[in-house]
Trainee: 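Here it is, the structure in full.
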2 protein chains.
Amino acid sequence: MSADEEIGSAREAAEDALVVTFGRLLGVANRLEYLVGRALERECGISHLMYEVLLILGRAGDPGLAMSAIGRAQVLTTGGVTRLIDRMEAAGLVERTDDPADRRGRLVRLTPLGERTAVRATELHRGNLRRLLADQLPGEHWERFADDLRVLSRAVAKEVPRLR
Amino acid sequence: MSADEEIGSAREAAEDALVVTFGRLLGVANRLEYLVGRALERECGISHLMYEVLLILGRAGDPGLAMSAIGRAQVLTTGGVTRLIDRMEAAGLVERTDDPADRRGRLVRLTPLGERTAVRATELHRGNLRRLLADQLPGEHWERFADDLRVLSRAVAKEVPRLR
DNA sequence: CAACAGTAACTGAGCCGTCAGGTATTTGGC
DNA sequence: GCCAAATACCTGACGGCTCAGTTACTGTTG
């Protein structure tokens, strides 16, 4: 084996290790997301998906967001969005209005209850995440972790459409 | 504000930033997992959950694993495991036998088709993950990333039971 | 301006998980 | 040795998503 090949295979092994670790991280993250979501559901009565929609609508403000925009933000089919918003509307968290600019469309916006719920859910959710990290990650590593996570999540987010 | 308080609040701000980033990473990872899972489903005809069960059973070998062990490895209720294994059995990927040591139990093990499918799926899955990382993360950062991911996923895995 | 492709939201069928509750079997204290 | 509690798996009802197809409206183009 030549020196070049040796370097190549070392690099490949490192690649492999990263791929495996990355796969494992995805699995763990997925499970975590699931558990944090259930905690939120117990404590706050809304699903994790609803929580994210509350955040999105909160940022959007008046006059609200189109159904299709919500579907794009979450990974949901139009049918899924319709039913999710149905439930949220029934729970009094959001309200639908006709879009004055396009008579096919509806706009969705938060109700006051929706706003309050978003605030409360955010506190609980942050608390859960913080508790999750607090005594596991040594403080002096946090900055580096934060940096890494930023880069990684940006890279990964960019790649999402590729696998569709 | 005293110097101590200042340090405290700076640390708190760093904490906040990490928590937010971590939350975002979880969201992205979740979506990624979903998309990688669907890719696997298209290319290989098995769900992501089935894939993980194939891996677990592959490691377990003969005479197989109890249903409850599968449920513990994945985050699934016993009912969920029963139905998942039902489908995998119908697809010819696994087979159930009575547990000779406990007449309540059944043991699940891979069929030859299951073994072949596990190998093929692993290749495809690895390929997808690798493609995902390959041209997004600069090579010189890989080792550091791998290291961080290891620490992080260990920390996070340890925390999972806490949120139950 | 009429035709038609494109887009927004909704809906019925189906899939896959949870939950709650059932039966068969094992186990540990008396 | 017997009985209550624990355990292993299965099942019916249900929730929430996708898929595929529908209706209503818009924008483009000859």
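A note on names: the letters A, B, ... follow the listed sequences, proteins ahead of strands, and every chain is numbered from 1. This is a predicted model, so every value here is computed, not measured.
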Trainee: With sugar-phosphate meaning primed atoms plus P, OP1 and OP2, does Gly80(A) contact a base, only sugar-phosphate, or nothing at under 4.0 Å between heavy atoms?
Mentor: base

Trainee: Between Leu65(B) (CG) and dA8(D) (P), how many Å, whole number?
Mentor: 12 Å

Trainee: Where each residue is assigned the nucleotide of DNA chain C containing its nearest heavy atom, which of Leu49(B) and Arg103(B) is assigned the position nearer the 5′ end?
Mentor: Leu49(B)

Trainee: Donor-acceptor pair under 3.5 Å: do we get one between Arg104(B)'s side chain and the base of dT7(D)?
Mentor: yes

Trainee: In terms of side-chain heavy atoms of Arg96(A), which of dC9(D), dT18(C), dC10(C) is nearest?
Mentor: dC10(C)

Trainee: Distance check: side-chain N/O of Thr77(B) vs OP1/OP2 of dT18(C), anything under 4.0 Å?
Mentor: yes

Trainee: For Tyr34(B) and dC15(C), give me the distance from atom OH to atom C1', rounded to whole Å.
Mentor: 13 Å

Trainee: Find the distance Glu89(A):CD to dA9(C):P and express it as a whole number of Å.
Mentor: 13 Å

Trainee: Is any side-chain heavy atom of Thr117(A) less than 4.5 Å from a side-chain heavy atom of Tyr51(A)?
Mentor: no

Trainee: Please state whether the phosphate of dT7(C), meaning OP1 or OP2, lies under 4.0 angstrom from any side-chain nitrogen or oxygen of Arg72(A).
Mentor: no

Trainee: So Asp99(A), base contact, sugar-phosphate only, or nothing? Heavy-atom distance under 4.0 Å.
Mentor: nothing

Trainee: Using whole Å, report how far CD of Glu41(A) lies from C1' of dG16(D).
Mentor: 11 Å

Trainee: With the threshold set at 4.0 Å, does a side-chain nitrogen-carboxylate oxygen contact exist between Asp99(B) and Arg106(B)?
Mentor: no

Trainee: With heavy atoms under 4.0 Å as the rule, sort Asp86(A) into base, sugar-phosphate or nothing.
Mentor: nothing

Trainee: Looking at Arg106(A), does any N or O in its side chain come under 4.0 Å of the phosphate oxygens OP1/OP2 on dC10(C)?
Mentor: yes

Trainee: Would you indicate, yes or no, if dC9(D) has its OP1 or OP2 atom less than 4.0 angstrom from a side-chain nitrogen or oxygen of Ser68(B)?
Mentor: yes

Trainee: If I take atom CG in residue Asp98(A) and atom P in nucleotide dA8(C), what distance separates them, rounded to the nearest angstrom?
Mentor: 16 Å

Trainee: Counting C-beta onward and ignoring hydrogens, is there a side-chain heavy-atom pair between Glu115(A) and Leu54(A) closer than 4.5 Å?
Mentor: no

Trainee: At 4.0 Å (heavy atoms only), tell me whether Arg83(B) reaches a base, stays on the sugar-phosphate, or touches nothing.
Mentor: base

Trainee: What I'd like to find out is whether the side chain of Pro100(B) reaches to under 4.5 Å of the side chain of Leu107(B), using heavy atoms alone.
Mentor: yes

Trainee: Need one value for Thr78(A): base, sugar-phosphate or nothing, where a base atom within 4.0 Å counts as base even if backbone is also close, heavy atoms only.
Mentor: base

Trainee: Does a side-chain N or O of Arg38(B) approach OP1 or OP2 of dC19(D) to a distance below 4.0 Å, or not?
Mentor: yes

Trainee: Using heavy atoms to find the nearest nucleotide of DNA chain D for Gly79(A) and Met67(B) separately, return the residue whose nucleotide is more 5′.
Mentor: Met67(B)

Trainee: Between atom CG in Leu76(B) and atom C1' in dC10(D), what is the gap in whole Å?
Mentor: 15 Å

Trainee: Just the rounded figure in Å: distance from C1' of dT11(C) to CD1 of Ile85(A).
Mentor: 16 Å

Trainee: Does a side-chain N-to-carboxylate-O contact under 4.0 Å join Asp98(A) and Arg104(A)?
Mentor: no

Trainee: Is Met67(A) close to Thr78(A) at the side-chain level, that is, under 4.5 Å between some pair of heavy atoms?
Mentor: no

Trainee: Taking the nucleotide of DNA chain D with the nearest heavy atom to each, does Asp102(A) or Leu84(A) sit closer to the 5' end?
Mentor: Leu84(A)

